[in-house]
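Let me begin by presenting the structure, written as structure tokens, before commenting on it.
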Number of protein chains: 2
Amino acid sequence: MDPMRSTEATADRIPPHPDVAAVPLQAVLEALVDPVRRSIVTQLADATTDIRCGDFDLPVSKSTATHHFRILREAGLIRQHYAGTSRMNTLRRTEFDTAFPGLLTALVDADRTQPTPVSAHQESPTAG
Amino acid sequence: MDPMRSTEATADRIPPHPDVAAVPLQAVLEALVDPVRRSIVTQLADATTDIRCGDFDLPVSKSTATHHFRILREAGLIRQHYAGTSRMNTLRRTEFDTAFPGLLTALVDADRTQPTPVSAHQESPTAG
DNA sequence: GTCGAAGCTTGACGGTCATCGTACTTCCGG
DNA sequence: CCGGAAGTACGATGACCGTCAAGCTTCGAC
């Protein structure tokens with residue numbers, strides 16, 4: 001009800017974001033090995049602005065998408081904040097590049113060259 | 001029995017190595033997400049010469065190690081050749097860097113900064 | 001030829017994770 | 001206040017993958 005709430009004042013409902021420097025490399029790789037999550041990251045990397053959860057092009061249900069966003073947030077890859085009922089997502093590029101130099105660039109670059117096929121109901125597109 | 005067999009003539013027993021350019025990014029990430037396999041890669045990156053399979057410092061049984069070497073070979077990350085009964089392993093750095101620029105460097109670099117804890121009988125060191 | 005060393009193959013097992021549906025919460029517009 | 005929209009939380013389920021032991025193959029030494 002405050003007139004103060006534009007885009008930044010409603011952040012209470014979001015669990016705390018980790019310090020990227022404290023995230024283990026293992027967690028980062030586990031986050032990025034999933035094609036759906038990697039698709040989220042590349043869509044963010046290609047965008048110039050934040051993206052709503054619901055505006056991503058994803059082949060999974062809403063609850064599964066929520067799960068993926070959480071993994072990415074906990075891996076320090078994305079930052080989330082509320083705007084109304086919409087959760088906005090940003091890539092934490094600068095911070096991440098400090099902690100893992102070159103990693104995100106190399107991955108997004110590779111994903112652009114070889115777009116990862118993200119089809120639903122398939123956990124291991126390589127083996128399948 | 002040929003006198004010709006120094007180190008390169010015995011390569012028959014090794015399945016063919018893939019063309020790195022044809023390896024999907026997904027396969028590369030699935031290979032590198034495992035801490036044991038990442039440990040193999042970093043040990044190779046730190047070495048100046050080839051390493052025998054048995055000379056790696058790995059917390060798993062021989063059969064499991066064989067499995068990991070195969071995954072890495074099929075992901076285009078290592079090259080294997082026989083020398084007697086020993087299988088030698090080399091990092092395919094140059095080829096890999098051409099196909100996935102910056103990826104290997106960023107990963108090895110990150111792994112050096114944050115050495116991955118590879119303990120036996122543990123598939124998900126992050127969650128555990 | 002025989003033996004040991006090095007490593008592969010196979011089969012089985014157990015844990016982890018991606019997936020979903022359902023129910024719940026929070027916010028905005030009338 | 002009420003309804004819809006946007007997401008989350010919670011269980012349940014099924015598949016994949018890392019793990020190992022046992023047995024086999026290949027090579028080198030003697």
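Just so it is clear: chains get the letters A, B, ... in the order the sequence lines come, proteins before strands, and each one is counted from 1. A quick note: this is a predicted structure, and the numbers were derived from the prediction, not measured.
At whole-Å resolution of the value, CD1 in A:I71 and P in C:dA18 are 6 Å apart. When the C1' atom of C:dC27 is taken as reference, atom CE of A:M88 falls 15 Å away, rounded to whole Å. When the C1' atom of D:dG18 is taken as reference, atom CG of B:D34 falls 7 Å away, rounded to whole Å. Atom NE2 in A:H67 sits about 8 Å away from atom P in C:dC17, given to the nearest Å. One atom, CZ of B:F69, and another, C1' of D:dT19, lie 16 Å apart when rounded to the nearest Å. Nucleotide C:dA6 holds its C1' atom 17 Å from the CG atom of B:D50, rounded to whole Å. A straight line from CZ of B:F56 to P of C:dA6 spans 15 Å, rounded to a whole angstrom. Regarding A:Y82, its OH atom lies at a distance of 7 Å from the C1' atom of D:dA6, rounded to whole Å.
Which of D:dG18, C:dG7, D:dG7 sits closest to the side chain of B:S86 comes down to C:dG7. Each of D:dT26, C:dT19, D:dG7 was ranked by its minimum atom distance to the side chain of A:K62; first place goes to D:dG7.
Side-chain contact annotation: B:T64 with B:S61, donor-acceptor N/O pair under 3.5 Å present. Judged purely by distance below 3.5 Å, without hydrogens or angles, the side chains of A:N89 and A:H81 never pair a donor atom with an acceptor atom.
No path of Ile, Leu, Val, Met, Phe, Trp and Tyr side chains, each step under 4.5 Å between heavy atoms, connects A:F100 with A:I71, placing them in separate hydrophobic clusters.
When all heavy atoms of A:P24 and B:Q114 are compared, the pair lying nearest together is CA-OE1, 3.2 Å.
Proximity of B:R37 to the phosphate of D:dG18: a side-chain N or O atom is located under 4.0 Å from OP1 or OP2. For A:S61, a side-chain nitrogen or oxygen approaches OP1 or OP2 of C:dC20 to under 4.0 Å. OP1 or OP2 of C:dA6 has not a single side-chain nitrogen or oxygen of B:R87 nearer than 4.0 Å. For B:T64, a side-chain nitrogen or oxygen approaches OP1 or OP2 of D:dC20 to under 4.0 Å. At the phosphate of D:dT19, OP1 or OP2 sits under 4.0 Å from a side-chain N or O atom of B:H68. One finds a side-chain N or O of A:R13 lying less than 4.0 angstrom from the OP1 or OP2 phosphate oxygen of C:dC27.
Contacts classified as ring-ring contact (aromatic ring centres under 6.0 Å, His included) and involving residues 20-59 of chain A (residues at least two apart or in different chains) are given here: A:F56-A:F69.
Using a 4.0 Å heavy-atom criterion, one finds that A:R70 contacts no nucleic acid atom at all. Among the atoms of the strands shown, base atoms are found under 4.0 Å from some heavy atom of B:T66.
One donor-acceptor pair, N or O on each side, does fall under 3.5 Å between the base of D:dA21 and the side chain of B:S63.
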